[in-house]
*Asks:* 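What follows is a single structure, and I will ask about it in a moment.
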Amino acid sequence: MKRVEYILAALGGVDNVVSVEPCVTRLRCQVHNCELVDERALRRAGVYGVTIQGESVQVIVGPDADLLASDLEDLWGEDHDR
């Protein structure tokens with residue numbers, strides 16, 4: 001599994017993620033259910049930190065945030081509603 005696949009799984013899977021936007025060193029994610037987010041799994045995937053506030057999750061990934069966001073979009077496919 002690629003790092004991006006681990007991150008997506010730790011966010012609760014494709015059905016739990018509403019949107020992902022890169023922001024310098026972070027992925028700003030909106031999720032349907034924050035209880036499905038596995039912070040320990042995100043850390044095992046190599047992220048530097050996780051902040052959860054309501055349905056908003058910020059995943060600190062470092063300078064490759066843009067690339068990871070693009071890879072997440074590729075995993076969703078063109079039909080995923082962003």
Side-chain angles (χ1 to χ4, degrees):
M1 237 171 159
K2 296 178 185 177
R3 181 179 184 207
V4 69
E5 292 170 319
Y6 284 114
I7 291 172
L8 182 58
L11 288 170
V14 69
D15 291 333
N16 193 44
V17 178
V18 176
S19 66
V20 176
E21 294 294 327
C23 180
V24 186
T25 61
R26 301 168 187 252
L27 297 174
R28 294 179 186 243
C29 309
Q30 291 294 315
V31 296
H32 290 290
N33 184 348
C34 66
E35 292 180 16
L36 297 177
V37 177
D38 186 342
E39 290 184 57
R40 288 180 20 185
L42 283 167
R43 291 202 184 266
R44 284 192 305 271
V47 307
Y48 300 109
V50 179
T51 303
I52 299 175
Q53 232 177 12
E55 304 305 312
S56 177
V57 181
Q58 288 192 28
V59 182
I60 304 166
V61 294
D64 57 347
D66 286 324
L67 178 61
L68 285 170
S70 176
D71 289 347
L72 281 168
E73 186 175 293
D74 290 344
L75 285 177
W76 281 326
E78 295 177 3
D79 295 330
H80 190 274
D81 184 25
R82 285 193 37 148

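Values reported hereafter were calculated over all heavy atoms of this structure, with side chains retained and with hydrogens, waters and symmetry mates removed.
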*Asks:* Is the shortest heavy-atom distance from the side chain of L72 to the side chain of V17 under 4.5 Å?
*Replies:* no

*Asks:* CZ of R28 to SG of C23: how many Å apart, nearest 0.5 Å?
*Replies:* 4.0 Å

*Asks:* Apply side chain to side chain contact (heavy atoms under 4.5 Å, CB included) to E5 and list each qualifying residue two or more places apart in sequence or on a separate chain.
*Replies:* M1, K2, L75

*Asks:* Show me the donor-acceptor pairs within less than 3.5 Å that the side chains of residues 58-71 make with the rest of the protein, sequence neighbours left out.
*Replies:*
from	atom 1	to	atom 2	distance (Å)
Q58	OE1	R26	NH1	2.9
D64	OD2	R3	NH1	3.1

*Asks:* List the atom pairs, donor and acceptor, that lie under 3.5 Å between side-chain atoms in residues 32-46 and the rest of the protein, sequence neighbours left out.
*Replies:*
from	atom 1	to	atom 2	distance (Å)
N33	OD1	E35	N	2.9
D38	OD1	R40	N	3.2
D38	OD1	A41	N	3.0
R43	NH1	Y48	O	3.2

